[in-house]
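The block underneath contains the structure these notes are about, expressed in structure tokens.
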Amino acid sequence: MGRRNYKAGVKGPSSALTEFLKQEGITDRFRNRREIERNGGNQSQTSDQENSPPPPNQFQTLDQQQPEKDDDDDDVSLDIIRSSPTPKEESDDEEIKLMRKAAKRKLKARRGGTTRKNPDSSDDDSHNDLDGNYSSDEDDLGNANLKKFGELDQCIDCGKSIQLTVYSRFIKEKVGYLCDECNQILKNREKQAKQNQLNARKKRKRTAQALLNKTTIKLPKLQDVCIKKITSNITDVDALGDIGQLNLDKISMILSKNRSLNDQTMTLFLSPELKSLSFWDCSDVDSDSLNKIAAFCPNLKSLTLFMCGQLHNDNLQYFATNLKNLKEFRLNGPFLISAKMWIEYFNIIKDQLNKFELRNTHRFTKDSLTALLENCGKKLTSLKLSRLDGLVDQDVYNEVPEKISSNSLTHLEISYPPREECVTDDTLIKILEKCGESLISLNVDGCIGLTDKFLIEGVCKYCINLQHLSMRQLDQVTNEGFSQAFDAYSKINAGGLIEVDLTKCDDIGDEAIYSLLNHSSHTLVELSINSLYRITKDFLSQIFIEDHTQFKKQLKARVEKEKESRSQSQPQQEGEDEEEEEAKDVLHYYHYINLPLLTYLDAGFVRAVTNYGSLWR
Amino acid sequence: MSNEYVTLVSSDNFKYVVDKEVASISTVLKNSQGFEEGKTGRINLDMDGDILECIVEYLYYHYKYKDQAESGDVPEFNIPTHLALELLVKADYLDI
């Protein structure tokens with residue numbers, strides 16, 4: 001019956017939901033389209049019946065569960081593609097059934113909660129007229145063992161006997177009524193829950209607002225309080241009190257750490273007598289303020305600006321003309337300075353600089369490097385070039401040994417070149433040949449083109465005063481090569497190394513470290529063997545157990561015994577430094593190594609240590 | 001835990017007896033408990049009495065208001081201007 005009415009396009013009263021959906025322009029066209037897709041080609045035929053606008057005045061009673069269909073009729077003119085009547089009708093049919101069922105359930109619940117009606121009341125009859133399928137739904141209601149108002153019942157919670165009234169609270173989950181007291185408790189609990197919900201919503205809102213305003217709602221750290229106070233009193237120098245240069249450097253670091261070095265706070269550090277200035281985070285200091293450095297501190301000898309992304313060509317030019325005493329210049333991230341400006345800068349300052357450090361810019365090119373070396377090369381004592389992606393040519397550093405004066409360079413860093421070919425063994429050996437004797441610190445992190453050759457023919461031949469060696473990620477350096485190099489190294493470098501960083505030199509293992517420690521154990525202060533996964537537990541335990549212990553003595557005897565038996569079949573091998581080419585089960589003996597000065601050891605990702613960390617003293 | 005106390009001693013020998021839980025707001029003070037300071041209950045700090053006073057005040061301020069921070073009605077913590085710089089250095093040391 002209902003469907004026939006619908007076909008004729010008659011509207012019944014519509015529910016609030018339908019009304020809302022209609023207003024929002026949500027129709028069941030989507031469902032139609034999906035239906036069409038499912039039925040493939042069927043859509044070619046369009047139904048005249050559906051496309052014609054519905055006759056307006058034909059009114060018939062329609063059951064309330066059907067109003068969704070009305071939308072369909074309203075949209076008829078808008079619809080471009082229509083399904084063939086058959087599948088659509090089917091889907092509508094199902095839809096109607098589903099909706100009716102839902103409505104029935106709702107009604108049932110409502111009835112159960114408020115009034116105590118017989119399931120087969122007149123309300124339902126009308127629905128039953130339309131469709132007979134709901135009988136199963138109705139049965140559920142009928143099964144509930146409920147009582148009428150005025151009768152005595154037991155409270156479902158406390159078991160107290162109560163007289164039912166219209167106001168008695170029905171609990172759906174437990175199918176029963178509550179007494180007044182239990183109801184009151186429940187009410188309070190609900191009220192509390194609502195309050196909590198409200199508070200949570202308020203809190204969320206505030207957090208979102210704070211995020212939008214770029215403020216935090218955390219309790220401020222004491223450092224933040226101090227920085228705020230300093231910032232607000234920045235112009236009143238006397239009020240902040242005198243604190244001394246050493247502490248000012250510290251404060252500069254703290255401000256950088258808190259990322260609060262900006263145009264205001266930076267003025268705290270500027271004074272005309274200042275000789276040395278370090279800003280570790282200039283990202284919030286603008287170009288004008290950077291100029292102030294040169295304007296207010298003309299006597300600067302040393303200037304360090306890290307993360308100086310706002311340093312412009314103009315700034316560098318101003319620095320060149322105003323900082324006449326600048327000897328040490330360190331920059332990190334000055335990517336706005338053009339290649340041309342670098343050349344200009346070095347041409348202005350001539351041989352003024354003797355320490356130069358540059359990191360993280362792609363605009364420093366081969367010509368810039370040439371200008372630097374030509375102007376300052378002879379006087380340089382420290383040269384640090386890291387992550388300069390503009391220097392891409394093969395052997396781009398070949399100029400370095402030609403332009404620097406021999407044995408004046410004490411610190412050299414050439415690290416993380418953009419390509420493997422940029423730094424080769426031959427280049428580095430040439431550099432070391434020129435300045436190896438004076439070199440105290442050498443850093444070739446990430447120069448992955450380097451092999452054993454640079455150690456054997458470079459470092460171990462020329463660097464007689466070396467104290468710091470950093471060679472991260474040199475995966476072409478082998479265990480044997482490193483071991484051989486350091487065995488030989490003790491002949492020319494008697495002092496020993498103080499800092500060694502071997503992070504991620506994948507091939508290095510026990511023998512290499514053993515040779516290194518034999519050479520430098522008495523001077524070593526910092527050592528990083530991070531990620532050297534070849535280092536074994538046996539090695540580590542042996543070098544930290546003293547030789548006179550029973551365990552070591554027995555071990556030594558056993559190793560010697562084995563060696564004897566082996567030497568009968570094999571040519572003679574050198575005692576303690578056996579190569580690993582031997583079979584795995586060969587015992588090694590390592591003598592005790594004392595590391596009296598070691599204060600920093602990075603043994604991260606060394607499996608033998610992560611499992612046996614207690615061995616380290 | 002709440003009735004245990006530590007004594008913070010300034011370089012000019014001012015002593016502040018502080019609830020352990022409050023002192024633990026500073027990770028440095030908290031971690032020092034694993035060493036000798038944990039046994040003696042006394043932590044010598046390289047700062048003047050007036051600086052340490054500010055720091056103890058802040059620790060209690062933090063302890064009192066840490067739960068209310070999100071509701072937003074926390075009074076501002078005030079420090080004397082002439083101590084701001086030095087206090088910043090010490091606060092950085094204590095990580096608070």
Side-chain angles (χ1 to χ4, degrees), chain A residues 196 198-211 213 215-261 264-265 267-269 271 280, chain B residues 8 10-11 16 18 21-30 34-35 43 45-96:
Chain A
N196 287 346
L198 208 71
N199 281 343
R201 201 176 301 154
K202 251 185 200 164
K203 199 168 132 189
R204 265 206 303 278
K205 222 170 173 180
R206 207 164 23 229
T207 318
Q209 194 58 43
L211 196 70
N213 296 341
T215 54
T216 46
I217 46 171
K218 268 200 203 145
L219 211 55
K221 291 181 88 177
L222 184 53
Q223 294 178 56
D224 302 330
V225 178
C226 294
I227 290 169
K228 208 168 143 196
K229 197 81 182 178
I230 292 168
T231 313
S232 60
N233 289 289
I234 202 83
T235 46
D236 193 358
V237 184
D238 297 329
L240 290 169
D242 194 23
I243 186 156
Q245 188 56 43
L246 194 74
N247 277 328
L248 267 185
D249 285 346
K250 217 175 198 172
I251 286 168
S252 159
M253 277 187 217
I254 295 167
L255 287 179
S256 297
K257 198 168 108 185
N258 284 299
R259 307 221 67 176
S260 26
L261 194 70
Q264 278 94 50
T265 47
T267 56
L268 181 71
F269 306 97
S271 71
W280 301 101
Chain B
L8 306 180
S10 75
S11 57
Y16 295 87
V18 182
E21 210 177 315
V22 175
S24 296
I25 290 166
S26 156
T27 48
V28 176
L29 296 182
K30 189 179 176 186
F35 298 96
I43 304 175
L45 292 165
D46 178 28
M47 49 189 84
D48 290 345
D50 46 356
I51 296 281
L52 189 56
E53 188 179 342
C54 271
I55 283 179
V56 172
E57 267 174 32
Y58 175 80
L59 288 175
Y60 273 99
Y61 163 83
H62 190 283
Y63 184 71
K64 185 174 173 189
Y65 292 111
K66 65 182 174 197
D67 297 326
Q68 293 173 37
E70 282 171 1
S71 58
D73 31 58
V74 175
E76 213 171 311
F77 185 74
N78 249 316
I79 53 165
T81 311
H82 66 282
L83 294 179
L85 285 173
E86 213 175 330
L87 206 53
L88 177 60
V89 177
K90 303 306 178 194
D92 176 66
Y93 168 71
L94 291 172
D95 192 23
I96 52 174

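Protein chains get the first letters and strands the later ones, always in sequence-line order, with residue 1 at the start of each.
- In this structure, no portion of A:Leu248 lies under 4.5 Å from any heavy atom of chain B.
- For the pairing with B:Phe77, the side-chain contact (heavy atoms from CB on, under 4.5 Å) check across A:Leu219, A:Asp224, A:Val225 returns one residue only, A:Val225.
- B:Leu88 contributes atom CG, which lies 11.0 Å from atom NZ of A:Lys221 (distance to the nearest 0.5 angstrom).
- Shortest non-hydrogen contact noted between B:Val89 and A:Lys250 is CG1-CD, 3.7 Å.
- In plain terms, the two heavy atoms of A:Lys229 and B:Asn78 that are nearest each other are NZ-OD1, 3.8 Å.
- Proximity to chain A involves both the backbone and the side chain of B:Asp95, based on heavy atoms less than 4.5 angstrom apart.
- Only the side chain of A:Lys257 comes within contact range of chain B, with heavy atoms under 4.5 Å apart.
- The CG atom of B:Leu87 lies 4.5 Å from the CG atom of A:Leu222; values are rounded to the nearest 0.5 Å.
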